[in-house]
Amino acid sequence: ALLGGSEVKPRIMLMGLRRSGKSSIQKVVFHKMSPNETLFLESTNKVVKEDIANSSFVQFHIWDFPGQIDFFDPAFDSDTIFGGCGALIFVIDAQDDYMEALERLHTTVTRAYKVNPRINFDVFIHKVDGLQEDYKMETQRDIHQRANDDLQDSSFDHVHLSFHLTSIYDHSIFEAFSKVVQKLIPQLPTLENLLNIFISNSLIEKAFLFDVVSKIYIATDSSPVDMQSYELCCDMIDVVIDVSCIYGLTSGDDISPAFDHHSQATIRLNNGTVLHLREVNRFLALVCILRDDAMEKQGMIDFNFAMFRAGIQKVFDVRKRRSAAVFRTDSG
Ligand code: GDP
């Protein structure tokens with residue numbers, strides 16, 4: 001399982017042509033690099049195996065390959081590489097001519113599928129910040145069509161590709177990564193269920209369960225996600241961590257003084273919206289959006305949150321038997 005302690009962690013691989021943006025994505029999502037700094041990144045020229053297991057709840061490896069992967073090079077052990085892989089992200093530079101990238105995508109997908117038919121394939125149509133709105137859609141449609149036609153022509157039409165429009169200059173890259181990661185979490189339906197119960201009993205409008213380090217949301221309730229709410233919650237995390245880094249006290253061997261068991265914050269916006277953040281465990285935070293009159297029932301929210309937190313703990317602790325958490329509602 002992805003989230004178990006010592007269990008085998010499935011890998012996410014990031015592949016694509018040279019200069020498609022792989023290193024930038026990795027730096028921006030996992031190392032808080034600002035998008036402008038990526039302009040000065042050196043091009044990837046070796047296989048980089050990155051393990052971000054220690055800082056992030058979402059434990060996976062990013063394999064950053066050189067732009068041109070030679071599948072026929074004996075050093076390229078596709079069994080090992082694709083065998084334990086949960087998701088393969090293929091990055092295509094949408095600002096460039098993408099014909100060669102599509103060819104590579106095809107070779108990669110068919111090759112990987114033969115080794116491991118359970119891999120999820122996600123295509124990031126990347127750098128779309130440079131494209132006009134209608135051209136964005138047209139590019140996505142064209143890439144989607146061509147990639148699937150190629151698969152059909154070689155009788156791989158049962159292979160499913162997911163497409164995401166991404167850019168490191170806005171939150172789309174985090175949103176896309178969230179989708180990729182969520183597909184690898186077997187407990188996702190249970191998490192969503194817990195979130196649904198929690199928000200409906202606490203008069204909360206929207207709630208995200210965040211991996212604090214990467215700002216990937218590993219689950220949300222089943223109401224639709226709008227980008228603005230997600231961005232608001234991401235910004236909330238940044239603010240809390242920044243303030244905490246500046247003013248927080250470090251206690252002894254604390255690894256991350258900026259986020260601990262006591263982390264909690266409420267931000268009241270002047271349009272009547274409240275953002276509320278609570279620590280769930282050392283990696284995860286719950287960030288909620290609610291109206292400020294709902295905040296009057298803070299006691300109920302606190303109680304329900306405690307139930308929610310206990311529920312989450314049980315979900316990830318497979319050894320313990322599951323029991324239903326009881327949430328309190330306004331009436332009872
Ligand atoms: P890699 O060789 O695939 O690792 O590519 P890099 O990460 O080195 O990126 C190549 C160039 O693309 C860099 O100059 C980045 O600043 C730029 N880049 C990466 N992502 C984006 C994006 O979303 N939008 C734009 N406009 N440029 C990007």
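Atoms within each ligand, like the ligands themselves, are counted from 1 in listed order. Keep in mind that the numbers below use all heavy atoms, side chains included, and drop hydrogens, waters and symmetry copies.
Phe124 and Phe177 have perpendicular rings, their planes meeting at more than 60° on a 0 to 90° scale where under 30° would count as parallel. In this structure, Phe198 and Phe308 have tilted ring planes: the angle between them lies in the 30° to 60° band. Below 30°, between 30° and 60°, or above 60°: for Phe121 and Tyr113 the angle between ring planes is between 30° and 60°, a tilted geometry. Aromatic ring orientation, Phe174 versus His171: tilted (interplanar angle from 30° to 60°).
When only interatomic distances are considered, the shortest N/O to N/O separation between Tyr169 and ligand 1 does not fall below 3.5 Å. Looking at Asp129 next to ligand 1, an N or O pair under 3.5 Å apart turns up.
Around atom 19 (C) of ligand 1, the closest heavy atom drawn from Ser24, Ser167, Pro35 belongs to Ser24. The closest non-hydrogen atom to atom 4 (O) of ligand 1, taken over Ser172, Ser23, Gly16, comes from Ser23. When Thr38, Val128, Val28 are checked for heavy-atom proximity to atom 16 (O) of ligand 1, Thr38 turns out nearest. When Lys127, Lys27, Arg18 are checked for heavy-atom proximity to atom 12 (O) of ligand 1, Lys127 turns out nearest.
Here the CZ atom belonging to Arg118 is positioned 10.5 Å from the SG atom belonging to Cys85, to the nearest 0.5 angstrom. With rounding to the nearest 0.5 Å, the separation of CG in Asp292 from OG1 in Thr266 is 11.5 Å.
Within the structure, ligand 1 has Leu17 among the residues with a heavy atom less than 4.0 angstrom away. Residue contacts with ligand 1 include Gln95, since one or more of its heavy atoms lies under 4.0 Å from the ligand. In this structure, Ser20 counts as a contact residue of ligand 1, since one of its heavy atoms falls inside 4.0 Å of the ligand.
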Q) Should Ser214 and Asp211 be marked as a side-chain hydrogen bond (donor to acceptor under 3.5 Å, both in side chains) after you check the CA-CA gap, both sets of side-chain angles, and the distance that decides it? A) CA-CA 6 Å; Ser214 62; Asp211 176 47; 2.6 Å; yes
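Near Arg19, meaning under 4.0 Å from one of its heavy atoms, ligand 1 places the atoms 1 (P), 2 (O), 3 (O), 5 (O), 8 (O), 10 (C), 11 (C), 13 (C), 14 (O).
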